[in-house]
Amino acid sequence: MRTFDKAQKYAYLNELSTPELENILRADMALSGEGDIDMVLSIMEVIEQREDGKSPENVADTGRAKEEFYRIYHTPEGADKPLYATENQDKPILLDGAKNSKTITILADSAHTSTTFSRGFRHAWRVGLIAAITAGVMLGAMVVAQATGVDVFGAMARWTDEVFSLGAIRTEGAKDMPYDSDRLPMSDTKADTTNVSYTSIQNVLDAYDITEIAEPTWMPEGYVLSDIIVDCFSDETFRFLSAEYINGDALLIIEIERYEEEPSGQVEKTETPVEMFVVNDITVYILENISNNIAVWATEHYVYYIAGNLEKAELQQIAISAIKKAV
Amino acid sequence: MNICKKATRGTALFLAFLMILSTTALAVNSRASDTFIRYSASLSLKDDGDLEIYFNVATSRHMDIIGASTINIQRYNGTRWVTEETLTVNDCPEIQTSNASRHSASITYTPDYTGATYQAVVTVYAKDSSGSSTSQTTTAQVRT
């Protein structure tokens, strides 16, 4: 068991943020020197407590990682010895009577089956173990996040050279063709999707008691709302909103779509790398298309799109104003 | 001999030129759409057992026509997806509109089978004087 002194020694970990703690784990993984089992365990405990990891999956993952540590490293034979052999260490952990051997022998299971590792595998073993623990901790955090309502799994950003989605990629991208005179049949009937006149996005959100998202408080100069399309589910709950703003010939489109399991929206983009920034823990993705830029982000139930022939900085400003207003 | 060398060199240069051209052509084909901003399609099972196909599409400018050109309702037969029905604007006029930059529509379809897995492939479509654009998007699967 860890002593009170050791607990005191690592009390400072509580002062660090979770990403900082994860960085320490990653940095420790990259070090070639001796490891610090107590520090790693302390970090795991801090993250666990911080995330209030009470879900069965989280407890199981953490438990498995701890059990692995105790079974392999925290043994009576290894007491007071460094966790990992170092370049200057002439006395590696010897567990199977293999004293003075140039190999490290580790008990692999309770039946005393031994596995022998050459010196060259030590670092890889250590890296793999800590990577597994880090993955376990992060998975635990994601499971907790899922349980607390932030749909980490349902709104995961994916993209190709041509398409971006916060759900699955469900298209190979669009094909543009030059004009030809062959027209597809066109009906004279226009779809009746809007049967109520709304004067603003906020007007719609208020009408459906939606507070998770909000209308931007900042818009580029000159853009005027042209019209709003609102679609509902069969139970009359909000499904989709599309607002068009016009500035001369330029369009600015804001769309909000509710999703259940994962967003289905596919956004066209160029090969230009996706940019992202974080506002109030929400990651906003900025994409380039041929004639417009697009900002996309997801909340727990909605995906928010802003598109127009605007500078990325302008899109960013609109997005920030909308996200901050919703908080 | 010199003639042979020159011919070989010329052929090599010609082939290299062709390769550059084909690379350029591929690059053009793989570029993003100048027309579509985004689109989405979803399939859901209604209480009465019917399927609802919903889609929306947005373009970067006002189009003469915008919407979907076809909606293929597909059923998994155990080994592959078979198209059970293809809906066009003739069947469902509401899947297209004119002089707009966005369009959305919801179509109800009665499936032939219960206990089967369905998906819909929606071809979004937009057209103006500069040309037309299409893209296919497949919905998530639904069991009837």
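Numbers restart at 1 for each chain; the letters A, B, ... are given by sequence-line order, proteins then strands.
Side-chain contact between A:L251 and B:H62 is present, with heavy atoms from C-beta onward closer than 4.5 Å. For the pair A:I229/B:S104, a side-chain contact is recorded, criterion being any heavy-atom separation below 4.5 Å from C-beta on.
Looking only at atom types and distance, the side chain of B:S40 has a donor-acceptor partner in the side chain of A:E257 under 3.5 Å away. A donor and an acceptor atom, one from each side chain of A:S264 and B:S42, are nowhere located under 3.5 Å apart. Under 3.5 Å, the side chains of A:Q266 and B:T137 contain no donor-acceptor pair of N or O atoms.
The structure places OG1 of B:T134 at 8.5 Å from CG of A:D176, a figure rounded to the nearest 0.5 Å. The distance from atom OG of B:S101 to atom CD1 of A:I246, rounded to the nearest 0.5 Å, is 7.5 Å. Rounded to the nearest 0.5 angstrom, A:T171 OG1 and B:F36 CZ are separated by 9.0 Å.
A search for ring pair (Phe, Tyr, Trp, His ring centres under 6.0 Å) contacts involving B:Y113 returns nothing, not counting sequence neighbours.
In this structure, chain A has heavy atoms under 4.5 Å from both the backbone and the side chain of B:A140. Interface remark: B:T123 contributes no atoms to any contact with chain A (heavy atom separation under 4.5 Å). For chain B, the nearby parts of A:E244 are the backbone and the side chain; heavy atoms of each come within less than 4.5 Å.
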Problem set entry | side-chain contact (heavy atoms from CB on, under 4.5 Å) evaluation trace for A:R170 with B:Q136 | CA-CA 8 Å; A:R170 297 188 175 278; B:Q136 285 192 336; over 6 Å; no
Exercise. What's the verdict on side-chain contact (heavy atoms from CB on, under 4.5 Å) for B:I37 and A:I294, showing C-alpha distance, side-chain angles and the deciding distance?
Worked result: CA-CA 8 Å; B:I37 294 173; A:I294 304 132; 4.1 Å; yes
Exercise. Can you list the steps and then say if B:Y39 with A:V267 is a side-chain contact (heavy atoms from CB on, under 4.5 Å)?
Worked result: CA-CA 7 Å; B:Y39 39 86; A:V267 184; over 6 Å; no
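In terms of modelled atom types and a separation under 3.5 Å, the side chain of B:S33 and the main chain of A:A174 share no donor-acceptor contact. Judged by distance alone, with hydrogens and angles left aside, the side-chain atoms of A:N292 form no donor-acceptor pair with the main-chain N or O of B:T59 at under 3.5 Å.
Annotation for A:N280: atom CG counts as buried by contact number, over 12 foreign heavy atoms lying within 6.0 Å. Around the CD atom of A:E311, the shell of radius 6.0 Å holds no more than 12 heavy atoms that belong to other residues, nucleotides or ligands. For B:D48, the CG atom counts as densely surrounded, since its 6.0 Å shell holds more than 12 non-hydrogen atoms of other residues, nucleotides or ligands.
Ion pairing between B:R38 and A:E268 fails under the 4.0 Å rule for side-chain N and carboxylate O.
Of all residues in residues 312-324 of chain A, none places a non-hydrogen atom less than 4.5 angstrom from a non-hydrogen atom of chain B. Residue-level contacts of residues 200-209 of chain A with chain B do not occur; threshold 4.5 Å between heavy atoms. Chain B is approached within less than 4.5 Å, heavy atom to heavy atom, by A:R239, A:F240, A:S242, A:A243 from residues 234-243 of chain A, ordered by number.
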